[in-house]
Amino acid sequence: MEAFALHVSRGKVEAFEALGIDIVLGRREGPFFWDAFDDRRFFNCHCNGGVFNLGHRNPEILATLRAAIDRDEIDVGNHHLVSGWKAELGTRLAATTADRCSGVVLSPSGSEAVEVAIKTTRAVSGRGGVVSVHGAYHGHTALAAMAADAQYHAPFRLALPGFTHVTYDDLPAMERAIDDDTAAVVLETVPATLGMPLPGDGYLAGVQAICRERGAFFVLDEVQTGLGRSGRMWCYEHDGVEPDVVVTGKGLGGGIYPIAATLMTPEVHAFYDEHPFVHVSSYGGSDLGCAIALEVLDLVEAPGFLDRVEDVGLRLEKELAPIGCEVRRRGLFMGLKWPDDGAGILAAKACIDAGVFTVFANNDTSVMQLLPPLILTDDQVDELAAAVVRALS
Ligand SMILES: Cc1ncc(COP(=O)(O)O)c(C=O)c1O
């Protein structure tokens, strides 16, 4: 604790101390982790926003990692050279969009993948504008932070031109904001940090229609909502829309190796045919990361996996009914909402004390996020629901 405070973050140590949360991550397995000192067990219902979609140290991911590193044709690779690993992952990611977004740029993190989306749509459109929503979260690199809520860029004196924020789920506001200098609209399919408010009927389709009419690209950030979390491969499939760019990350690395991707239509991706070396990343799409991501796709695309996510989500929602709060849910992308600001903070603290690790939604503190791993057994669902109901009733 002392060394962490001294060298990594005193602010974090003090903040957690103030909340009475003294967890040091120790052993981890499946949906659980244990405190390093007193071995308290926690259900991980934060999952780092989806990093642990497949649980901690998923045995199939570990087996893939072990097998991969024993091959003499794998390490990080070279970001300039052609790579069979990258080709295979690109092919598989493209197929998740039925080849609509068939061009793939690989990155080490979600923020960088958002950065690629913004840079590329600006380059291709020849326009500078980016419209996003207040309360959004897209990561911490400069363009991603600009697209996110002001609290993530203002303290850093980032005030890059061209960025406009409107209220989420307000189509007329979006319509007013998109003009003939708008390169892209960037939205989380369901904004996690804003408390998982599901888009109103026709909102995303409406935004897409305005984008098409005015020549702006429609970018969906699926870093949290994607890769099966919502019960579909991509959460936007629930809304019947067809984005021009899809951003993914977190779960793509199977909780083991960082990798993220920006999937784009041939029209957008054509930029890299002309400028193949203006955007590269030493660790972006490392060959080892590709091997892990391919295993992640195998697991998420296995027959029955996505249906099981929806079934578990439904079962959990039913079992949580005695709490009496609003449940916002798509698959296992869940938020519990109360009328009062701050209620999500108290709820998260009560859950943590009861052995269920959750966080509140930073940009709507009336909401507690509930993001269990997607691999729960029925018994684990029942145990989790009982613990949450006990903590929150
Ligand atoms: C919706 C969304 N986009 C982008 C990011 C940034 O991803 P990373 O932390 O891997 O840079 C996050 C991270 O929490 C996120 O939730």
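This is a predicted model, so every value here is computed, not measured. Both ligands and their constituent atoms are indexed starting at 1 by order of listing.
A chain of hydrophobic side-chain contacts below 4.5 Å, direct or via other Ile, Leu, Val, Met, Phe, Trp or Tyr residues, connects L332 to L370.
Counting only heavy atoms of the protein, atom 12 (C) of ligand 1 lies nearest to Y137 CE2, 3.5 Å. For atom 14 (O) of ligand 1, the nearest protein heavy atom (residue, atom name, distance) is K250 NZ, 2.7 Å. Annotation: atom 10 (O) of ligand 1 to nearest protein heavy atom, G110 N, 2.9 Å. Looking only at protein heavy atoms, the nearest one to atom 3 (N) of ligand 1 is D221 OD2, 2.7 Å. With hydrogens left out, the protein atom closest to atom 11 (O) of ligand 1 is S111 OG, 2.5 Å, a heavy atom.
Residues forming a salt bridge (charged side-chain N to carboxylate O under 4.0 Å, His left out) with E310 (at least two apart in sequence, or on another chain): R329.
Remark: ligand 1 atoms within the under-4.0 Å shell around heavy atoms of Q224 are 16 (O). Here is the list of ligand 1 atoms found below 4.0 Å of a heavy atom in E188: 1 (C). Heavy-atom contacts of S109 reach the following atoms of ligand 1: 10 (O), 11 (O) (cutoff under 4.0 Å).
Taking the ring axis of F32 as reference, the NZ or CZ atom of R41 stays within 45° of it and closer than 6.0 Å to the ring centre.
Annotation for E237 and T96: closest pair OE2-O, 4.4 Å, computed over non-hydrogen atoms.
We find that E242 and R212 are not joined by a salt bridge, their nearest charged nitrogen and carboxylate oxygen being 4.0 Å or further apart.
S366 places no side-chain N or O within 3.5 Å of a backbone atom of D341 that could act as its donor or acceptor partner.
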